[in-house]
Amino acid sequence: MTKKNKEPAVCKKCAKCCSYFCLEVDAPDERDDFEDLAWMLAHKNVSFHIDGEDWQLMVKNECRYLGKDGCGIYETRPRICREHDPSECDYGSVSDTEYYDADIVIAELSELYAYRDEHFPLKPRKKKKKKVLKKKK
Ligand code: SF4
Ligand code: SF4
């Protein structure tokens, strides 16, 4: 959300806020829910960011209107862009390679399955009782 001479001093003009979007997804309640989460995560440039009970699907995909001088539609940019407050921008606290300050970031299927197995472990199967066959007298 950069535009020359329009940002408050706090904005680093890094344009990270124009390079991704996040959507809230339902946090998993049971082991089976990870099937759908795995499908989402199988797509390129997608990760999950977890803060407590809050699960966000993060899609790293640059805005089509971001140019080398910043926003190409600054005067008519969407509301989310207009309301974005650089003074609350996360990027002051994270490194250049990170996008969003979350407790847990899951970017690989192996990480997702490890999370699933830790929080929703498989229940041990009940042993079937063996039938004891007896000869009829
Ligand atoms: S419309 Fe402009 S401000 Fe909004 S994300 Fe795209 S480049 Fe950034
Ligand atoms: S991510 Fe933050 S610091 Fe970077 S351009 Fe956007 S508002 Fe400014």
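Both ligands and their constituent atoms are indexed starting at 1 by order of listing.
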When the side chains of residues 38-45 are checked against the rest of the protein, which donor-acceptor pairs come out under 3.5 Å, sequence neighbours left out?
from : atom 1 : to  : atom 2 : distance (Å)
H43  : ND1    : W39 : O      : 3.0
H43  : ND1    : M40 : O      : 3.4

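Salt bridge R31/D117: present, at least one basic N to carboxylate O contact under 4.0 Å.
Contact annotation for P78 and ligand 1: only side-chain heavy atoms (C-beta onward) come within less than 4.0 Å of the ligand.
Other residues, nucleotides and ligands contribute over 12 non-hydrogen atoms within 6.0 Å of the CG atom of D103. Counting non-hydrogen atoms of other residues, nucleotides and ligands closer than 6.0 Å to OH of Y115 gives a total above 12.
Atom numbering of ligand 1 starts at 1 in the shown order; those under 4.0 Å from a heavy atom of C81 are 1 (S), 3 (S), 4 (Fe), 5 (S). Those atoms of ligand 2 with a heavy atom of A15 less than 4.0 angstrom away are 4 (Fe), 5 (S). Counting atoms of ligand 1 from 1 in the listed order, those under 4.0 Å from a heavy atom of L66 are 7 (S). Those atoms of ligand 2 that come under 4.0 Å of a heavy atom in K13, given as number and element, are 5 (S), 8 (Fe). Which parts of ligand 2 touch H84 is read off a 4.0 Å heavy-atom cut-off, strictly below it: atoms 7 (S).
Using a cut-off of 2.8 Å, one finds that C63 contributes an N/O/S atom close to atom 6 (Fe) of ligand 1. Metal site remark for atom 4 (Fe) of ligand 2: C11 contributes no N, O or S atom at a distance under 2.8 Å.
Of the listed residues (E108, E111, Q56, M58), just one forms a side chain to side chain contact (heavy atoms under 4.5 Å, CB included) with S47, and that residue is M58.
No donor-acceptor pair under 3.5 Å is formed between the side chain of R116 and the backbone N or O of P121.
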